[in-house]
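Note that the coordinates shown come from a computational prediction; the quantities given were computed from them, not determined experimentally. Chain naming here is simple, since letters A, B, ... match the order of the sequence lines and numbering starts at 1 in each.
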Amino acid sequence: MRSAAAGTINLDMAGREVRIAGWVHRRRDLGGLAFLDLRDRSGVLQASAGPEWSSGAAMEAVRGLGLEDVVAIRGVVSPRPEAARNPGMATGDVEVRIVELEVLNRARTPEIPVYVPPEEELPSEKLRLRHRVLDLRRGELQDRLELRHRLILAARNYFHAQGFMEVETPILTKPTPEGARDFLVPSRVHPGEFFALPQSPQIYKQLLMIAGFDRYVQIARCFRDEDLRADRQPEFTQIDVEASFVQPDDIHAWCEGLMEKLAEVAGIEAPTPFVRLSYRDVMERFGSDRPDLRYALEIRDFTDVLGALDFGILRGAVARGGRIRGLRLEGGAHLARRQIDAIEEAARTAGAPGLLWAKAQEDRATGPLARFFRDDTRALLGLARGDLFLAAAGPDPVTSPALDAARMAAIAALDLPRTTEHSWLWVTGFPVFEDAGGGELAANHHPFVQPHPGDIHLLDSNPLAVRGLAYDLVYNGTELGSGSIRPHDADLQARILGMLGLGPDEIRLKFGFLLDALRSGAPPHGGIALGVDRLVARLSGAASLRDVIAFPKTTAARALFEGAPTAVADAELAALGISAGVRE
RNA sequence: GGGGCUGUAGCUCAGUUUGGUUAGAGUGCCGGUCUGUCACACCGGAGGCCGCGGGUUCGAGUCCCGUCAGCCCCGCCA
């Protein structure tokens with residue numbers, strides 16, 4: 001049906017007869033001469049109908065075309081007249097002069113435009129999702145999905161070359177008590193019993209290690225029934241990796257090799273080895289476990305200088321064991337009050353009661369904090385003329401997220417220069433546990449993190465201080481992946497589960513199969529999972545994961561095109577032994 | 001579960017502040033003119049449950065209450 005793809009036609013093919021096929025992208029009818037832009041996945045090509053080279057029937061056929069009709073054209077590749085060339089179009093030097101045109105299929109008038117003029121807004125996302133096949137015809141989405149394909153292909157090839165093999169793991173799995181809510185699937189054969197869709201193949205890949213598949217990779221679909229965000233979908237894809245007889249450095253090296261390949265595909269820089277910073281370090285210097293290191297701005301501790309001032313709020317915070325940390329913004333004094341308020345608001349949203357600030361003006365300091373300054377305070381803080389100083393006082397778990405938010409807001413407000421366009425970072429040594437309140441512990445990553453050998457003695461005395469052999473891969477402030485070395489000792493694994501509040505019976509019921517497997521001769525092992533959707537979004541400049549997924553869900557977890565989820569017939573439920581408690 | 005923004009012609013948007021004849025524009029659609037266009041140009045036409053429901057009012061796209069949907073954020077989630 002086709003001898004060439006539309007986007008591949010060029011001047012070298014002048015004089016050749018070609019057959020092309022695709023969609024009517026646009027049409028321009030000048031009366032005695034008519035043009036149509038024909039689009040296929042490779043691009044857009046102008047076809048022309050004129051009395052000198054087209055039959056009357058062909059002319060009429062072109063006149064009768066509507067947008068998005070599907071046509072096949074037989075014609076001759078011709079150079080355009082010099083004055084009629086279009087340098088803004090990849091195929092702008094040529095056109096196909098139509099000899100014969102066949103309408104393969106008519107399209108109803110499109111509900112949303114496929115071609116959107118440069119300065120016009122895209123249709124609302126609601127309509128783009130409802131009429132997804134039309135939206136997907138746009139080159140932008142076609143390009144993003146192609147990039148996604150090429151990245152996944154490169155990842156598979158890379159890991160294969162490194163001796164990894166892909167093993168599929170079940171989609172119908174066992175519900176787990178930890179982490180996110182499960183999507184449940186009723187069993188017809190066993191009424192009243194349920195499968196869960198996997199939140200990740202975590203346990204299965206550990207079982208594969210125990211089974212001897214010492215280098216595993218899978219492009220794995222994962223499901224989590226939680227409320228959504230721009231960077232969160234209920235089903236998403238991971239490059240899931242696990243290997244035996246490894247240290248964290250081995251995983252890091254493989255991932256860095258992978259990112260070199262992927263960056264090459266995406267046309268960006270990923271110089272290896274990546275920066276490695278400890279969790280403790282990044283929280284101290286950036287207030288975040290996924291700092292954006294494209295900007296040099298760092299948080300500093302000013303407890304000594306500011307805690308000594310005659311200022312009750314600061315003294316009280318220090319007396320209660322808190323610290324005073326802040327940001328010194330060179331040249332920030334020119335920010336308007338409104339802009340500083342916006343930075344403070346960002347810090348408040350992140351959980352701080354407020355932010356204290358001072359401007360270092362010509363000969364004096366101004367702002368709420370400045371009137372408590374002593375003669376030497378400004379110098380001790382290192383403030384030069386024109387600087388803005390922001391500070392937060394209190395316990396680190398409060399001030400760190402607040403200063404992170406303030407840092408990012410200040411960077412935006414001051415339009416601070418980037419020191420690099422691509423910041424790749426390993427954050428290592430995450431705590432194994434986090435405080436769940438009420439004296440309870442929760443898993444910081446998940447319950448399958450090997451404690452740092454130097455911290456195992458703290459498990460009973462100070463579990464929150466126990467670092468794990470866990471690491472995150474961070475790119476430009478986005479967490480792209482997360483992994484760890486896993487406990488391969490069953491007793492240690494059981495002990496960790498117990499610390500998370502699971503009773504012996506529950507551990508046996510939920511994780512007995514894992515613990516039994518660990519006792520069957522489990523090799524030391526560890527791995528990582530990389531988020532494909534986020535990776536593609538970041539590398540393609542997409543604002544939302546929905547723009548790198550062919551058929552995404554809305555923020556209310558609905559599929560607008562096919563209309564899922566839906567109610568089902570009572571008889572269908574009855575066969576499953578369940579009844580739906582429908583909301584009023 | 002909570003907060004915010006948005007919802008007007010097939011699509012993108014004005015109009016809502018301060019309630020008042022017949023709700024507009026561009027584009028798309030339909031008809032016509034046009035031989036080098038490429039956001040073709042020009043002429044004409046059709047097209048509206050102003051998201052939905054209730055209320056206030058002589059009168060509601062506009063004010064009030066509720067509700068639904070999409071998006072962003074918090075909670076939640078790695």
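Pair assignment for B:A25 gives B:U12, based on Watson-Crick or G-U wobble hydrogen-bonding distances that are each under 3.5 Å. Summarising the base pairing, B:C5 is matched to B:G70 through a Watson-Crick or G-U wobble pair whose two defining distances lie under 3.5 Å. For B:C38, there is no paired nucleotide, since no Watson-Crick or G-U wobble pair has both relevant distances below 3.5 Å.
Residues A:Q233 and A:D533 have side chains that never bring a donor and an acceptor to within less than 3.5 angstrom of each other. Remark: the A:Q218 side chain and the A:Y216 side chain contain an N/O donor-acceptor pair separated by less than 3.5 Å. For the residue pair A:T478 / A:N476, no side-chain donor-acceptor distance below 3.5 Å is found, with atom types taken as modelled.
Rounded to an integer number of Å, the gap from CD of A:E111 to C1' of B:C29 is 13 Å. The NE2 atom of A:H25 sits 10 Å away from the P atom of B:A39 (whole-angstrom rounding). Spacing between atom CG of A:L33 and atom C1' of B:A41 amounts to 14 Å, rounded to whole angstrom units. For the pair A:E121 CD and B:U8 P, the computed distance is 14 Å after rounding to whole Å. Atom CD of A:Q233 is separated from atom P of B:C76 by 21 Å (rounded to the nearest Å). Atom CZ in A:R137 sits roughly 16 Å away from atom C1' in B:C11 (whole-Å rounding). Between A:Y475 atom OH and B:A78 atom P there is a gap of 25 Å when expressed in whole angstrom units. Atom CZ of A:R229 and atom C1' of B:G1 are 12 Å apart (whole Å).
Between the P atoms of B:C29 and B:U16, the separation comes to 31 Å (whole Å). Using atom C1' as the reference point in both B:G48 and B:G61, the two lie 11 Å apart (nearest Å). B:A69 and B:G28 have their C1' atoms separated by 25 Å, with the value rounded to a whole Å. Across B:C38 and B:U27, the matching P atoms stand 14 Å from one another, rounded to whole Å. Using atom C1' as the reference point in both B:C42 and B:G7, the two lie 35 Å apart (nearest Å). As rounded to the nearest Å, B:G24 and B:C65 have P atoms that lie 30 Å from one another. Nucleotides B:G55 and B:U62, compared at atom P, are 14 Å apart to the nearest Å. Distance check on atom P: B:U33 versus B:A39 gives 25 Å, rounded to whole Å.
Counting only distance, with no hydrogens or angles, the side chain of A:D143 and the backbone of A:E140 share no donor-acceptor pair below 3.5 Å.
Nearest to the side chain of A:R224, among B:C73, B:C76, B:A78, sits B:A78. Considering only the side chain of A:R28, B:U37 comes nearest among B:A69, B:U37, B:C72. Among B:G36, B:C76, B:C73, the nucleotide with an atom closest to any side-chain atom of A:E95 is B:G36. The listed nucleotides are B:U37, B:C71, B:C76; the one nearest the side chain of A:D227 is B:C76. Ranking B:G36, B:G70, B:C77 by closeness to the A:K126 side chain, first place goes to B:G70. For A:L30, counting side-chain heavy atoms from C-beta on, the closest listed nucleotide (B:G36, B:A39, B:C29) is B:G36. Out of B:C72, B:G75, B:C29, the shortest distance to the side chain of A:L67 is found at B:C29.
Base contact: A:D29 has a heavy atom under 4.0 Å from a base atom. Heavy atoms of A:L228 sit nowhere under 4.0 angstrom from any nucleic acid atom. Contacts of A:N444 with the nucleic acid, taken as non-hydrogen atoms under 4.0 Å apart, include base atoms. Note on A:P113: only backbone sugar-phosphate atoms sit closer than 4.0 angstrom, heavy atoms only; bases stay farther off. Counting non-hydrogen atoms under 4.0 angstrom, A:T555 reaches a base of the nucleic acid. Residue A:R97 is in base contact, counting any heavy-atom pair closer than 4.0 Å across all strands shown. Within 4.0 Å (heavy atoms only), A:R85 reaches at least one base atom of the nucleic acid.
No hydrogens or angles were tested; on distance alone, nothing pairs the side chain of A:R546 with the base of B:G70 as donor and acceptor under 3.5 Å. At a cut-off of 3.5 angstrom, counting only N and O atoms as typed in the model, there is a donor on one side and an acceptor on the other between the side-chain of A:N86 and the base of B:C38. Not a single donor-acceptor contact under 3.5 angstrom links the side-chain atoms of A:R26 to the base of B:U37. For a distance-only test at 3.5 Å, the side chain of A:R128 fails to qualify as a donor-acceptor partner of the base of B:C71.
Taking the charged nitrogens against the carboxylate oxygens, A:D231 and A:R229 have no contact shorter than 4.0 Å, which rules out a salt bridge. Ion pairing between a basic and an acidic side chain is recognised when a charged N comes within 4.0 Å of a carboxylate O; A:K205 and A:D240 show such pairing. Comment: A:D289 does not engage A:R280 in a salt bridge, judged by the lack of any side-chain N to carboxylate O separation of less than 4.0 angstrom. Using a 4.0 Å cut-off between charged nitrogen and carboxylate oxygen, A:D404 and A:R407 do not count as a salt-bridge pair. The residues A:E242 and A:R486 are annotated as salt-bridged, a charged nitrogen and a carboxylate oxygen being separated by less than 4.0 angstrom. Look at A:R108 and A:E68 and you find no salt bridge, because none of the NZ, NE, NH1 or NH2 atoms lies under 4.0 Å from a carboxylate O.
Between A:H422 and A:Y475, the ring planes lie parallel to each other; the angle is under 30°, not in the 30° to 60° tilted range.
Residues A:R232 and A:R558 both approach RNA chain B. Their nearest nucleotides, taken by heavy-atom distance, put A:R558 toward the 5′ side. Each of A:A556 and A:A84 was assigned the nucleotide of RNA chain B with the nearest heavy atom; the assignment lying further toward the 5' end belongs to A:A84.
Near-neighbour residues of RNA chain B inside residues 44-55 of chain A, defined by a heavy atom below 4.0 Å, number-ordered: A:Q46, A:P51, A:W53.
Of the side-chain N and O atoms in A:T554, one or more sit less than 4.0 angstrom from OP1 or OP2 of B:G70.
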